[in-house]
Structures are given as structure tokens and as C-alpha cells.
Amino acid sequence: MEYADPKDLYDSDFREKVQEALSDLGIEREPVIERPKKGLADLCLVCFPFAKELSKPPRAVAEEIMERVGISDKFTLEVKGGYLNCMFRPERYTSDLASFLWSKKGELGKGPSNDKVVVVEHTSANPNGPFHVGRARNPIIGDTLVRILDHAGYNISSQYWINDMGKQVMILVWGIHNIDEKDLPAMERKKEDHDLVRYYQKANALMESDERIAADINSLLADYEMAVKEGEWDRVISRSGDGEIRAIDVRAACDRVLSGMKNSLTRLNISDQQMVYESQVVEDGSLWDVIDGLKKSSLYNEEDGASFLDLSELIEGGDDDRFKRRFVFTRSDGTALYTTRDLAYHKWKLDNCDLAVNVLGEDHRYQSKMLELALRELGSEKVPEAVFYSFVSLPDGKMSTRRGRVVYLDDLLDDAVEMARKEVEKRRKDLPEDRLIEIAETVGIGALRFNIIKVQPEKKIVFKWEEALNFEGASAPFVQYSHARACSILQKAGGDLEGQFEWSKVVERSEQNLLKKIAEFSDIVEKAAVDRKVHFIAVYVVEVASAFNDLYRDCPVIGEEDPERRRARLALVEMAREVLATGLGLLGVSAPVSM
RNA sequence: GGGCCCGUGGCCUAGCCAGGAUAUGGCGCCGGCCUUCUAAGCCGGAUGUCGAGGGUUCGAAUCCCUCCGGGUCCGCCA
């Protein structure tokens, strides 16, 4: 049996009565009814718009409407300025709301499941070195979005599109096979990505100073593409350096770096993704289908043997022809480009889902637009939707793997955990070592994820250690701490939470505020999912934690003498605990039972 | 040259798409609260031309226009 949400019931009750009153007054206009933010009321009717047509001051209008709406058993009314405020009768609303929410226990915030298949592509970082903090924003946003969409009821999966056909990877492969380990700086960390990035950086430097190396790498790239196209993974594509390089070695180099990168992602609590290699669209031939398809477009054109779509009519911009708006999909020599393979990948992806969401850096905005237009030219009805984020920079500028000017994610993770450990040690002398480590990991990693996710992605972030490792205020540990407190109460109070509750005993301001806050959960999840705004959840869980802390301050549970009130309060704590744990879970942050 | 994104107390930030009441919260600062369920908490205080200017509106942080500052992109690179 599904109960209707009291929020909606009370809301529509007020709304209907207002509508009636308005039509009595001869007003047709749609009334503006909103939820005031600051607890001034549960709902309010904005009366300014009616003032003119009734030629009365807004306040008088509000009073007249109040008169006509009359007395209700659900709410009381009050006029303030030009507003008609509606306060739900707490003795009744609280009970209705509490029993409704309690019936949802175990799946608070969950949306009704639908069969919409959504694929979120995120991370997709080039496999050429360890994640730096800038790159880490992508998986954190992506994974959080996956968790939110899942909770909102979508059929969700995520993909990592591996660029194994680009120059970056060839530089890496060339480096591995041509550079002697003893010519490299010492490994900063015993981990595959940290090991191999040294070859990449060195190869890059060599390539910049030696044209022959650059040429080598280019021919490696061309030969690799040919081998993949023909499915000959054993084919030798280079004989320079230490013997020969086979096509399969390129894949192997990617996988080695990726194993290190994945390790970091796992530690960051990023859920596993389906790994899709760029070479797939070359090997299975779908790339050439896409090229043939594009050649049928009315925008198709050629220049010096290269094929492109002329998008100048479709993309906004000035008419300076130094800047051409072209989607080039084959070079003069007939080979394909990264963007073409990306297009083939998206064609495949979109054929297998209802909605594709890509998490991309803001530098991909233009490319994403072109991709969308090209997909439309291919006759695709669906186009991917993108969530863009701005970069994380250092106080003195951009991060760059190539130049080695970075804060590595692994270092940041270590520092976060180390610092969390110190904090735990300060407060808890009683804990055994393994529990200490567990909490430090949970708190440190949580703080990090939370700090990235709490601000809207469009804002650029200037990375500062002291802010990234913030353990108080609006942070993961703040929320985790409230959760631990709730767990502690539940554990110490014991007792059963079966059967009926005397919800009418829930009368304190803090209790009611917390309950109302809990009731917002499902709306927040839905809004975050539909608008793809992951930071809503972070903002919300802090509000819940804050409301819980007020309860903690005002309403002792264990010391409560009235057994029915104590039980109801305990149930309220249990609901808060669930929302905090679930909310943190949506952010990929674990909720410790003690800390 | 142009497109897109951002600009909110000393610092960071919510609200902006769907305009409404005294602009959200945090960091830092000042002053308080641990014989009562974990003080990673709580309470109080100081700090604001919501980048600037115009416009629309009864009402603008929010919508429109212009400008300024920062980011980012405009490749037969990936």
C-alpha cells in the first residue's frame, strides 16, 4: 500500500482552497505559491500580483483571501506584508509526515524504478600517468552522478572510454621500449602508473628536441592503426630500440598504466566501470560505417582530399574565416581522427541506451557541440548530454602531467588519510589499530570527495591543501560525525522499533525541523538526478546533519522519561541515521558507526 | 575576432534555469558551552555596492542589454 506524501496532500489542500478564493474574487491568474526558505511558514501565497487588478494594497488582498479560505483542520493562516502564510498544524502534520516516512524506512529518498537505461561516461583519462588532482574531479562527479541516478530509479551503468590510439599512448609505448630505466628519475611510488609516467615524460622531452623521434612515434601510430584495422594484434609495428614492438604491446602498456590508475579510483571509492577501448571501433569496422554515413550528409565537403562537415551555418560565432567551423573526419591520407572514433563510439553507445551522459572538462565544450551536430547528421535522434566541470588549478597555475607540475591524487589520498588518522588518535585513545585505520581511511577519503563535489562543477577550483583536507564545517566528517552520534544513540538506547509510534509526542521544534528536512530527501534526489546537479546532495546532507545536531542538543533520547516519546524520538533518530548514511553513500562517502 | 562558463563579506560557497519577505552555509576572527546520548559538535558577535552600469517589473543576486575581470575553446592533435 502506497501512502501519499503528506507534503503533497497539505500542499494541494492549501492550493485548492486558494484557487477557490481567487476565482471568487474574479482572479484568473495562476497563483504563486512557494515554500519560504527560512521557516517563516510551510507555504506562502504571494499576493503582490493581485494588488493591481483588485486595486487594493497587497496586504488587504492577502487578508481578503485569508478570509475566504477560512479555517482548515490542516493549516493555520497569517498575513505578513504582501504574503499569505500557511502553517501546517504541527500536531497533525508531524504525525502524518512521520508515519509516512517511517513506512518508507529502508528506502528513504529512493525514486520509483523506471526502465530507462542510462550510461554515464566519466573519467576516460588518457592512460599515460597517475591521476592528478585536476583529473580527479571527473571520476568524482561521474561516480556521484551514477549513484544518484541509480537511487533515483534509473537503470544505470558507466563506461570508461580508453584512448589507446592516440599520440600520448604512442609516446608512452615508444618510451617504454627505447628508454633505459637507469636514465630515469627514481620512482616516486611503487605503482604501475607512477613507474610508467617517467617513460612518458622523458619520451616527451626527447621528442620535443629530436625530430626523428617524433617521426618514429608518428609511424608507430600509423602502423598500429593499420594492424588494429586488420585485427592483427601480433603484427610487429616497430623495430627500434629494444627489439620489436607488436600491436598488442600498445594495449598492454595501456593496461599496465590503467591498473595503477584503477587502483587510485578504487581507493577513491569509484564504482567499477565498463572499459571500452578506442581501438574497438577500428577493429570492428564501425568507424568506417560512420565515415560512409557522414559522406551522405548535405554538409559533407572535401579539401585537399580531407573530408569534413561544414558546420559554419550551425555553430554560433563571428565570421572571421581564420577560424573555420569544420568537423574533419578523415585526413588527406584517408586516415581517421580521434573525433571520428569518438563519434563511432557514441553512435554505438547511444544505440544501446536511452540516455548517455558524459562528464567532461570545460575544454571539451566545443568538441562536444561538434559531436552532437555530427551525430544529428548521421541521423541519430539521441545525442549525449554533457556535464561540464571547470579545472582544478594550483595557486600558481595549471596542472600538467607532461611537465610534471602536479599534485598527484595518490599523494593527496595518503595525506588525507594520514591527517585523518591524527585527528582520530587525538580523540580516541581506546580504539584498536585496525579500527583506527578504517576510520582514518573513511574520514580522509570522504573529506576529499566531499570537498570536490560540494561546489557546482562550473566553478573552477584552486587547489589548497588546507581546504581539501577540511574536517569541520561543511565537510564529510561533519556529516559522518552526526551519523556516528546517531548510531551511538541507537546502540545505547537499544529497544525495539517495531509496531506503532506515538508520533504526536514529537512536538519539539528541533524534532519537527529534522522531520521536515528528512522529508525533503526524495525531492532532492530526484532534482539532483534530473538536473544532473550532484552538489545538491552535498548541500542537503549538511543540512540534515545540522538539523540532527540541533535535535542532539535539544532533545535527549536516552534520558527521556516518557517511554512513548523516547521511542518516537528514537525512531526519528533512526530515520535521520538512514538519510545521513544514504546521502553520504550517494556521494561515495562511507558512514562510520563510530569515529 | 568570436563562442561558451564563472564573478556573492578577508577567503570559499548556496541561491540564478522556473524573479518575491531581513542573501545560504562554511573557513578565518572575537566571546561563550564538555559531572547529561561522541566538543570532528553547539550558542552568540563582527564582517555584504550579490563585478560595474543601464533596462524590464509592484518587486531583480535571479530576466534583458552594454561593459569590466578571470577561465576555456575555435587543429588534417588527442
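Here is the naming used below: chain letters follow the sequence lines, and residue numbers restart at 1 for every chain.
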Result block: side-chain N/O donor-acceptor pairs under 3.5 angstrom for residues 46-55 of chain A, not counting sequence neighbours:
{"residue": "A/Glu53", "atom": "OE2", "partner": "A/Arg29", "partner atom": "NE", "Å": "2.9"}
{"residue": "A/Glu53", "atom": "OE2", "partner": "A/Arg29", "partner atom": "NH2", "Å": "2.9"}

Which pairs would a plain distance check flag for residues 457-471 of chain A, meaning a side-chain donor or acceptor within less than 3.5 Å of a matching protein atom at least two apart in sequence or in another chain?
{"residue": "A/Asn470", "atom": "OD1", "partner": "A/Glu472", "partner atom": "N", "Å": "3.1"}
{"residue": "A/Asn470", "atom": "ND2", "partner": "A/Glu472", "partner atom": "O", "Å": "2.9"}

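With sequence neighbours excluded, the residues forming a side chain to side chain contact (heavy atoms under 4.5 Å, CB included) with A/Lys517 are A/Glu520, A/Tyr540, A/Glu543, A/Val544, A/Ala547, listed by chain and number. For A/Thr330, the side-chain hydrogen bond (donor to acceptor under 3.5 Å, both in side chains) partners two or more places apart in sequence, or in a different chain, are A/Ser307. With sequence neighbours excluded, the residues that form a side-chain hydrogen bond (donor to acceptor under 3.5 Å, both in side chains) with A/Glu278 are A/Arg341. Scored by the side chain to side chain contact (heavy atoms under 4.5 Å, CB included) test, A/Leu314 finds A/Leu299, A/Leu311, A/Leu373 as partners (sequence neighbours excluded). Residues that satisfy the side chain to side chain contact (heavy atoms under 4.5 Å, CB included) test with A/Ser482, not counting sequence neighbours, are A/Ala545, A/Phe548, A/Asn549, A/Leu580. With sequence neighbours excluded, no residue forms a side-chain hydrogen bond (donor to acceptor under 3.5 Å, both in side chains) with A/Glu508. With sequence neighbours excluded, no residue satisfies salt bridge (Lys or Arg N to Asp or Glu O under 4.0 Å) with A/Arg565.
Counting non-hydrogen atoms under 4.0 angstrom, A/Lys527 reaches a base of the nucleic acid. A/Phe48 comes within 4.0 angstrom of a nucleotide base, judged by non-hydrogen atoms across all strands. Counting non-hydrogen atoms under 4.0 angstrom, A/Ala484 reaches a base of the nucleic acid. Base engagement by A/Val424 is indicated by at least one non-hydrogen atom pair under 4.0 Å involving a base atom. Nucleic acid contact for A/Val593: base, since at least one base atom lies under 4.0 Å from a heavy atom of the residue. Residue contacts for A/Pro49: at a heavy-atom cut-off of 4.0 Å it reaches a base atom on one of the strands shown. Looking at heavy-atom distances under 4.0 Å, A/Val443 makes contact with a base. Counting any heavy atom pair closer than 4.0 Å across all strands shown, A/Ser475 reaches no nucleic acid atom.
A/Asn451 has its CG atom 19 Å from the P atom of B/G25, to the nearest Å. Atoms CD (A/Glu362) and P (B/G70) sit 15 Å apart, rounded to a whole Å. Put simply, CZ on A/Arg35 is 16 Å from C1' on B/A18, counting in whole angstrom units. In this entry the distance linking CZ of A/Phe450 with P of B/G26 reads 12 Å, nearest Å.
Counting atom types as modelled, A/Asn470 pairs no side-chain N or O with a base atom of B/A40 as donor and acceptor under 3.5 Å.
The partner of B/C42 is B/G32, judged by Watson-Crick or G-U wobble contacts that both fall below 3.5 Å. Look at B/G7: its Watson-Crick or wobble partner, with both distances under 3.5 angstrom, is B/C68. Taking a pair to require two hydrogen-bonding distances under 3.5 Å in either a Watson-Crick or a G-U wobble arrangement, B/U56 remains unpaired. When both pairing distances are held under 3.5 Å, B/C76 makes no Watson-Crick or G-U pair with any nucleotide shown.
Side-chain contact, A/Asp550 with A/Ser510: no donor N or O sits under 3.5 Å from an acceptor N or O. Inspection of the A/Asp164 and A/Tyr277 side chains reveals no N or O donor paired with an N or O acceptor under 3.5 Å.
Between the C1' atoms of B/C42 and B/C37, the separation comes to 15 Å (whole Å). B/C34 sits 36 Å from B/G9 when the P atoms are compared, rounded to a whole Å. B/C16 and B/C76 are spaced 42 Å apart, taking the C1' atom of each and rounding to whole Å. Comparing the P positions of B/C11 and B/G48 gives a spacing of 12 Å, expressed to the nearest Å. Across the C1' atoms, B/G10 and B/A46 are found 12 Å apart, a figure rounded to whole Å. Only the P atoms considered, B/G7 is 14 Å distant from B/C50, to the nearest whole Å. B/G51 and B/G69 have their P atoms separated by 16 Å, given to the nearest Å. Comparing the C1' positions of B/U57 and B/G19 gives a spacing of 9 Å, expressed to the nearest Å.
Each of A/Gly81 and A/Arg427 lies near RNA chain B, and the nucleotide nearest A/Gly81 is the one positioned closer to the 5' end. Mapping A/Pro477 and A/Asp550 onto RNA chain B by nearest heavy atom places A/Pro477 at the nucleotide closer to the 5' end.
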Which atom pairs link the protein and nucleotides 76-78 of chain B when you take only N or O atoms and keep those under 3.5 Å?
{"residue": "B/C76", "atom": "O2", "partner": "A/Ser332", "partner atom": "N", "Å": "2.8"}
{"residue": "B/C76", "atom": "O2", "partner": "A/Ser332", "partner atom": "OG", "Å": "3.1"}
{"residue": "B/C76", "atom": "N3", "partner": "A/Ser332", "partner atom": "OG", "Å": "2.3"}
{"residue": "B/C76", "atom": "N4", "partner": "A/Glu303", "partner atom": "O", "Å": "2.8"}
{"residue": "B/C76", "atom": "N4", "partner": "A/Asp304", "partner atom": "OD2", "Å": "3.4"}
{"residue": "B/C76", "atom": "N4", "partner": "A/Ser332", "partner atom": "OG", "Å": "3.4"}
{"residue": "B/C77", "atom": "OP2", "partner": "A/Arg331", "partner atom": "NE", "Å": "3.0"}
{"residue": "B/C77", "atom": "OP2", "partner": "A/Arg331", "partner atom": "NH2", "Å": "3.4"}
{"residue": "B/A78", "atom": "OP1", "partner": "A/Arg331", "partner atom": "NH2", "Å": "2.6"}
{"residue": "B/A78", "atom": "OP2", "partner": "A/Tyr338", "partner atom": "N", "Å": "3.2"}
{"residue": "B/A78", "atom": "O3'", "partner": "A/Asn163", "partner atom": "OD1", "Å": "3.0"}
{"residue": "B/A78", "atom": "O3'", "partner": "A/Asn163", "partner atom": "ND2", "Å": "2.8"}
{"residue": "B/A78", "atom": "O2'", "partner": "A/Asn163", "partner atom": "ND2", "Å": "2.7"}

Got a list of protein N/O to nucleotides 8-16 of chain B N/O distances below 3.5 Å?
{"residue": "B/A14", "atom": "OP1", "partner": "A/Gln456", "partner atom": "N", "Å": "3.0"}
{"residue": "B/A14", "atom": "OP1", "partner": "A/Gln456", "partner atom": "NE2", "Å": "3.3"}
{"residue": "B/A14", "atom": "OP2", "partner": "A/Lys459", "partner atom": "NZ", "Å": "3.0"}
{"residue": "B/G15", "atom": "OP1", "partner": "A/His535", "partner atom": "NE2", "Å": "3.2"}
{"residue": "B/G15", "atom": "OP2", "partner": "A/Gln456", "partner atom": "NE2", "Å": "2.9"}

For nucleotides 32-37 of chain B, which of its nitrogen or oxygen atoms have a protein nitrogen or oxygen under 3.5 Å away, and what is each distance?
{"residue": "B/C37", "atom": "O3'", "partner": "A/Lys492", "partner atom": "NZ", "Å": "3.1"}
{"residue": "B/C37", "atom": "O2", "partner": "A/Val557", "partner atom": "N", "Å": "3.3"}
{"residue": "B/C37", "atom": "O2", "partner": "A/Ile558", "partner atom": "N", "Å": "3.1"}
{"residue": "B/C37", "atom": "N3", "partner": "A/Val557", "partner atom": "N", "Å": "3.0"}
{"residue": "B/C37", "atom": "N4", "partner": "A/Tyr552", "partner atom": "O", "Å": "2.5"}
{"residue": "B/C37", "atom": "N4", "partner": "A/Cys555", "partner atom": "O", "Å": "3.3"}

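By the 30° and 60° cut-offs, the orientation of the rings of A/Trp161 relative to A/Tyr338 is tilted.
Because its glycosidic torsion is within 90° of 0, B/C34 is reported here as syn.
Residues A/Val387 and A/Val357 have side chains in contact (heavy-atom distance under 4.5 Å, counting atoms from C-beta outward).
A/Arg449 CZ to A/Ile141 CD1: the interatomic distance, rounded to the nearest 0.5 Å, is 11.0 Å.
Put simply, A/Asn549 has a side-chain N or O that comes within less than 4.0 Å of OP1 or OP2 on B/C42.
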